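Beneath this line is the structure, given in structure tokens, with notes to follow.
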Amino acid sequence: MKNMKKVADCIFVALFAAFLVGIFLLTTQRRDMTYSHNENRNLAGKPELTAKTLWDGTYFDQWDKFWLDRAAGRSTALKLDTYWQWKVLKRPVVHDIVMTDEVLLPYWKDDFFEPHEPIDQRVDEVADELAALDQHIRDNGGRFYYVGMPSQTTYFKDQYPEFLYNRDAMLTQIRAAMKQALADRDINFLEMAEAFEQVGNPKQFYWKSDHHANLDGGLFVYRHIMDRINADTGWDLKVLEEDDLVRVTLEEPFSGSRNRQLYYVVPTDDKVTYAELKEPIPFERYNRDQKSWPIVNVLPEEGEMASYSVFMGGDMPETSIRTNRPELPKLLIFGDSYSNVLETLLYPSFDEMRTLDFRYYDDKTLWEYIEEYQPDIVIDVRDDSQYLADSPNSRFR
């Protein structure tokens with residue numbers, strides 16, 4: 001009996017050792033991974049050996065993080081952990097996502113991303129930068145519009161449980177201060193949070209599992225932009241109505257930025273719907289001066305999930321849509337990813353539409369680009385969580 005127990009113990013130890021060796025060997029094959037799609041973050045890099053890191057012990061701590069980030073089966077383990085926390089423990093926050101019945105929202109600590117200087121002071125600094133940009137655009141024959149979009153946190157602020165922080169007081173103060181500061185400087189400002197509130201913040205304007213506005217929300221903002229441009233200029237540019245569009249809904253599962261962070265454990269009925277023109281307008285598309293397919297809605301490959309990147313193919317450093325109708329004005333858009341859905345709707349009203357994303361584009365400064373391109377209209381799209389961020393016109397002047 002004792003011998004059989006020893007044999008069983010030996011077999012168990014051998015199998016466990018083989019399991020550990022197998023995990024190690026599989027992990028070593030993943031050492032070149034640098035980014036986690038689900039977590040939307042860079043993985044820990046290979047530690048650098050220096051006298052300081054060796055002395056204070058951080059060198060060995062960094063190796064722990066490096067291997068943990070690349071452990072074989074890590075995604076499966078995190079997926080199981082997500083389900084456990086959500087369904088079994090019923091935690092209100094899982095992997096920094098607030099789990100509500102209606103929508104998946106970002107979790108904020110009370111002091112997370114709070115401004116480190118008085119809000120009014122920082123707003124004045126940003127507004128002064130925008131005023132300088134506005135003057136530069138005017139000097140080059142154009143007109144500037146600052147379009148403020150409500151972040152998902154703002155749009156669904158009432159969906160946060162009472163015991164969780166929703167940033168509403170701070171973001172409301174920032175929006176009010178920005179509105180006043182831009183008005184004082186005579187800058188065209190479209191404050192879309194107010195416009196959405198006036199129609200009751202329809203839930204269908206934003207996805208439940210992604211932080212962007214969808215096609216319906218994009219159309220709402222697009223029409224505000226076009227109506228304002230026409231009112232200011234008298235150009236009478238074409239504004240797309242429902243009769244001008246064909247809606248197409250993709251059947252592929254939706255990869256939302258929030259649900260992706262939860263490893264798609266939470267079921268969602270979100271779908272990507274995009275719009276095509278009933279009467280197409282011929283155009284050419286260039287990405288960084290390289291001619292591309294003449295499309296603005298980029299469909300997922302077979303077997304892939306659909307996502308917000310359907311609109312314009314996602315974030316691009318530089319894109320040009322040329323309809324070759326010189327009697328129409330030229331448009332330049334920059335800002336954040338909230339502009340992508342707008343771009344698929346704006347181009348039919350212009351001779352050329354150019355878009356810049358300064359997170360990836362650094363060939364020219366914004367001021368140089370304006371001097372060279374001479375746009376008639378320049379639009380800066382920001383969500384309200386980015387109002388106090390460094391503006392490209394200050395960093396790239």
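Keep in mind it's a predicted model, so treat the numbers as computed, not measured. Starting from 1, each residue takes its place in the sequence as its number.
Side-chain N/O atoms of Tyr160 and Thr100 include no donor and acceptor closer than 3.5 Å. In summary, the side chains of Asn340 and Asp315 do present a donor paired with an acceptor at a separation below 3.5 Å, with no hydrogens or angles considered. A donor-acceptor pair shorter than 3.5 Å cannot be found between the side chains of Arg228 and Asn230. Asn140 and Gln374 are linked by a side-chain donor-acceptor pair at a separation below 3.5 angstrom, with hydrogens and angles left out of the test.
Contact annotation: the side chain of Arg354 approaches that of Tyr369 to within less than 4.5 Å [non-hydrogen atoms, C-beta and beyond]. Side-chain contact between Ile370 and Leu133: present, with at least one pair of heavy atoms (C-beta onward) separated by less than 4.5 Å. Side-chain atoms of Leu332 and Ile377, non-hydrogen and from C-beta on, never get closer than 4.5 Å to each other. At a threshold of 4.5 Å between non-hydrogen side-chain atoms, the residues Lys90 and Gln85 do not count as touching. With a 4.5 Å cut-off on side-chain heavy atoms, Leu346 and Met226 count as touching. Using a 4.5 Å cut-off on side-chain heavy atoms (C-beta onward), Val296 and Phe283 make contact. A heavy-atom distance below 4.5 Å is found between the side chains of Tyr347 and Thr323. At a threshold of 4.5 Å between non-hydrogen side-chain atoms, the residues Asn324 and Glu352 do not count as touching.
Between Arg288 and Asp363 there is a salt bridge, since a side-chain N of the basic residue sits under 4.0 Å from a carboxylate O of the acidic one. Salt-bridge annotation for Lys208 and Glu102: absent, with no side-chain N of the basic residue lying under 4.0 Å from a carboxylate O of the acidic one. A salt bridge links Asp168 to Lys157: one of the charged nitrogens lies within less than 4.0 Å of a carboxylate oxygen. Residues Arg382 and Asp380 are paired through a salt bridge, judged by an N-O separation under 4.0 Å between the basic side chain and the carboxylate. Under the 4.0 Å criterion applied to side-chain N and carboxylate O atoms, Asp134 and Arg143 are not assigned as salt-bridge partners.
Val199 and Met192 fall within the same hydrophobic cluster, defined by Ile, Leu, Val, Met, Phe, Trp and Tyr side-chain heavy atoms under 4.5 Å apart, directly or through other members. No chain of hydrophobic side-chain contacts below 4.5 Å, direct or via other Ile, Leu, Val, Met, Phe, Trp or Tyr residues, connects Trp293 to Tyr274. Linking ILVMFWY residues whenever their side-chain heavy atoms come closer than 4.5 Å, directly or via other members, leaves Leu331 and Met316 in distinct clusters. Each of Ile333 and Ile295 belongs to its own hydrophobic cluster when Ile, Leu, Val, Met, Phe, Trp and Tyr are linked at side-chain heavy-atom distances under 4.5 angstrom. Taken together through direct or relayed side-chain contacts under 4.5 Å among Ile, Leu, Val, Met, Phe, Trp and Tyr, Leu277 and Val341 form part of one hydrophobic cluster.
Residues meeting the side chain to side chain contact (heavy atoms under 4.5 Å, CB included) test with Lys291, sequence neighbours left out: Glu284, Tyr286. Every ring pair (Phe, Tyr, Trp, His ring centres under 6.0 Å) that Tyr338 has, sequence neighbours left out, goes to His212. With sequence neighbours left out, the side chain to side chain contact (heavy atoms under 4.5 Å, CB included) criterion links Thr154 to Pro150, Ser151, Leu171, Arg175, Asp384.
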field: Arg322/Asp351 under salt bridge (charged side-chain N to carboxylate O under 4.0 Å, His left out): CA gap, chis, key distance, verdict
entry: CA-CA 6 Å; Arg322 307 172 187 178; Asp351 172 39; over 6 Å; no

Worked verdict on Tyr308 versus Ser255 for side chain to side chain donor-acceptor pair (under 3.5 Å): CA-CA 8 Å; Tyr308 182 70; Ser255 174; over 6 Å; no

message: Run Glu372 and Trp367 through side-chain contact (heavy atoms from CB on, under 4.5 Å) and show every step you take.
response: CA-CA 9 Å; Glu372 180 178 319; Trp367 285 45; over 6 Å; no

- prompt: Where do Trp235 and Ile229 land on the side-chain contact (heavy atoms from CB on, under 4.5 Å) test, with the steps shown first?
  reply: CA-CA 8 Å; Trp235 285 341; Ile229 291 174; 4.1 Å; yes

query: Checking side chain to side chain donor-acceptor pair (under 3.5 Å) for the pair Tyr145/Asp232: CA distance, chi angles, key distance, verdict?
result: CA-CA 11 Å; Tyr145 292 88; Asp232 290 347; 2.7 Å; yes

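At distances below 3.5 Å, at least one donor-acceptor pair connects side-chain atoms of Asn259 with backbone N or O atoms of Val266. Under the 3.5 Å distance criterion, the side-chain polar atoms of Arg122 are left unmatched by any main-chain donor or acceptor of Pro118. Judged by distance alone, the side chain of Asn214 and the main-chain N or O of Gly217 form a donor-acceptor pair under 3.5 Å. Side-chain atoms of Glu368 come within 3.5 Å of backbone atoms of Thr365 as a donor-acceptor pair (strictly under, hydrogens ignored). A donor-acceptor pair under 3.5 Å is absent between the side-chain atoms of Lys179 and the main chain of Glu191, judged by distance alone. Between the side chain of Arg247 and the backbone N or O of Ala275, no donor-acceptor pair lies under 3.5 Å. Panel note: side chain Ser339, backbone Asp336; a donor-acceptor pair is recorded below 3.5 Å. Using a distance-only test at 3.5 Å, with no hydrogens or angles considered, a donor-acceptor pair links the side chain of Ser349 to the main chain of Lys238. Remark: the backbone N or O of Ser257 is not paired with any side-chain donor or acceptor of Trp207 at under 3.5 angstrom.
Ring planes of Phe334 and Phe144: parallel class, angle under 30° (limits at 30 and 60°). Between Phe189 and Tyr146, the two ring planes are tilted [angle within 30° to 60°]. The aromatic rings of Tyr263 and His95 sit perpendicular to each other, their planes meeting at more than 60°, with 30° as the lower class boundary.
Considering Leu250, Val248, Thr249, Leu215 as possible partners of Val272, the one that fulfils the side-chain contact (heavy atoms from CB on, under 4.5 Å) test is Leu250. Leu104 pairs with exactly one of Asp270, Leu262, Thr268, Val98 by the side-chain contact (heavy atoms from CB on, under 4.5 Å) rule, that one being Leu262.
With Phe350 as the aromatic partner, Lys330 does not meet the cation-pi criteria of under 6.0 angstrom to the ring centre and within 45 degrees of the ring axis.
Smallest separation of non-hydrogen atoms from Gly335 and Asp357: O-OD1, 4.2 Å. Minimum heavy-atom separation, Ala389 to Val126: O-CG2, 4.2 Å.
In this structure, CZ in Arg185 is found 10.5 Å from CD in Glu129, a value given to the nearest 0.5 Å. The line from NE2 of His211 to OH of Tyr155 is 15.5 Å long, rounded to the nearest 0.5 Å.
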